[in-house]
Number of protein chains: 2
Amino acid sequence: MPGPRWRGNFKERGHRMTGPRDAILDVVNKKQGHLTADDIFFEVRKSYPGIGIATIYRTLDLFVRMGLVNKFDFGGGKSRYEFTSKEKHHHHLVCKNCGRVVDYDSFLDEETELIKKIEAELNRKHDFKIDSHQLDFYGLCKSCQREVK
Amino acid sequence: MPGPRWRGNFKERGHRMTGPRDAILDVVNKKQGHLTADDIFFEVRKSYPGIGIATIYRTLDLFVRMGLVNKFDFGGGKSRYEFTSKEKHHHHLVCKNCGRVVDYDSFLDEETELIKKIEAELNRKHDFKIDSHQLDFYGLCKSCQREVK
DNA sequence: TCCTTTATTGATAGTGATTCTCATTATTAT
DNA sequence: ATAATAATGAGAATCACTATCAATAAAGGA
Ligand SMILES: [Mn+2]
Ligand SMILES: [Mn+2]
Ligand SMILES: [Zn+2]
Ligand SMILES: [Zn+2]
């Protein structure tokens with residue numbers, strides 16, 4: 001029997017399923033979160049010691065193109081990767097001091113409705129073909145609120 | 001009579017108004033858009049030839065802290081700076097292919113209302129003190145829609 | 001205006017994340 | 001198994017941005 005559907009359709013898309021790709025996919029699947037390339041590098045080395053950092057970047061880029069992983073940039077100079085779960089669409093809350101990232105999914109129905117309207121309007125007015133959006137909130141997390149006066 | 005209010009209150013905040021700062025402020029004010037540090041560097045050199053790139057970065061950082069300029073990261077590896085106009089709050093539409101950035105301000109009332117609700121909820125639920133948000137749409141601009149099939 | 005204090009600047013070296021190059025290796029189809 | 005070639009790892013190269021530091025120039029007072 002074939003692997004789970006979420007493992008992607010490599011063959012069908014002309015890609016080979018290799019050891020490094022399998023190991024990286026495992027890591028982003030198990031370690032939920034908003035991982036940096038380095039986080040993933042160090043974790044993958046446990047199960048695939050010889051892997052190189054270039055392979056991490058190349059593979060993450062491939063996964064993003066395949067829709068298996070989402071890439072984010074919350075500032076701070078490092079890209080962050082998150083497994084594209086089958087779960088709820090969500091957005092992010094970023095602490096400007098410590099970089100902590102929290103998922104949230106409040107008011108999704110209202111948001112979805114508004115987003116849909118905006119997308120239609122932007123499509124019409126600016127002739128843009130929109131395929132994604134990102135709504136982030138920035139501020140200070142609980143512990144950073146005291147530290148930073 | 002003192003300079004326009006938008007030039008900021010340097011003295012009051014303990015900063016000196018200098019030639020480089022004046023030249024940079026002029027550029028970000030006149031050349032509206034979403035400029036990179038390099039865009040600004042090359043433009044400022046016309047009126048202030050001896051300026052160094054480090055001063056561009058330092059000054060933009062100061063302007064951001066003073067609220068005169070907003071700093072964005074739309075991906076692509078370069079920060080983008082936009083003069084904080086007194087005009088409407090707006091968000092961005094980014095072409096994933098050519099990097100073009102378009103301002104939009106549709107459905108602002110509805111958006112503001114929703115954002116306010118979300119902020120209150122996030123504040124309550126996650127104990128975050130939110131001070132800004134960013135809503136970006138990503139897609140393909142008109143001309144890039146054909147190029148990239 | 002001249003002087004003193006010290007914030008600011010420019011040149012340049014340094015940093016850190018990401019990408020590129022290329023010889024070697026591993027997959028896939030036959 | 002073999003051939004064709006996609007993928008990998010090591011390390012060099014990029015590139016945006018930051019840190020360092022001696023020289024310069026605002027600001028305020030005499
Ligand atoms: Mn998330
Ligand atoms: Mn804008
Ligand atoms: Zn924090
Ligand atoms: Zn475009």
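In the text below, chain A, chain B and the rest are named by the order of the sequence lines, each starting its count at 1. Reckoned from all heavy atoms, side chains included, excluding hydrogens, waters and symmetry mates.
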Send over the distance from B/Arg45 CZ to C/dT9 P, rounded to a whole Å. 17 Å
What is the separation between atom CE on B/Met66 and atom C1' on C/dT8, rounded to the nearest whole Å? 14 Å
Only one of B/Arg124, B/Lys125, B/His126 passes side chain to side chain contact (heavy atoms under 4.5 Å, CB included) with B/Phe128; say which it is. B/His126
Do B/Asp103 and B/His34 have side-chain N/O donor and acceptor atoms under 3.5 Å apart? yes
To the nearest angstrom, the CZ-C1' distance between A/Arg21 and C/dT27 comes to 10 Å
Atom pair distance, as rounded to whole Å: CG in B/Leu60 and P in C/dT9: 12 Å
Linked hydrophobic residues, B/Phe42 as query - side chain contacts closer than 4.5 Å: none
In whole angstroms, how far is the P atom of C/dG16 from the CZ atom of A/Phe41? 16 Å
B/His133-A/Asp136 side chain donor-acceptor pair, cut-off 3.5 Å: no
Nearest heavy-atom neighbours spanning A/Pro20 and A/Tyr48: CD-OH, 3.4 Å
Which letters describe nucleotides 15-24 of chain D, given B = protein heavy atom under 4.0 Å from base, S = only from sugar-phosphate, - = neither? -SSBBB----
When you measure from the side chain of B/Gln134 to the backbone N and O of B/Phe72, does any donor-acceptor pair fall under 3.5 Å? no
Please confirm whether the backbone N or O of A/Ala120 pairs with a side-chain atom of A/Asn123, one donor and one acceptor, at under 3.5 Å? no
Do nucleotides 25-30 of chain D as a string where each nucleotide becomes B, S or -: B if the base has a protein heavy atom under 4.0 Å, S if just the sugar-phosphate does, - if no protein is that close. -BS---
Please report the distance, rounded to the nearest Å, between CD1 in A/Ile51 and P in C/dA26. 14 Å
Donor-acceptor pair, distance only, cut-off 3.5 Å: does the side chain of B/Glu82 make one with the backbone of B/Asn70? no
Grab the CG-C1' distance between B/Asp22 and C/dT8 for me, whole Å please. 15 Å
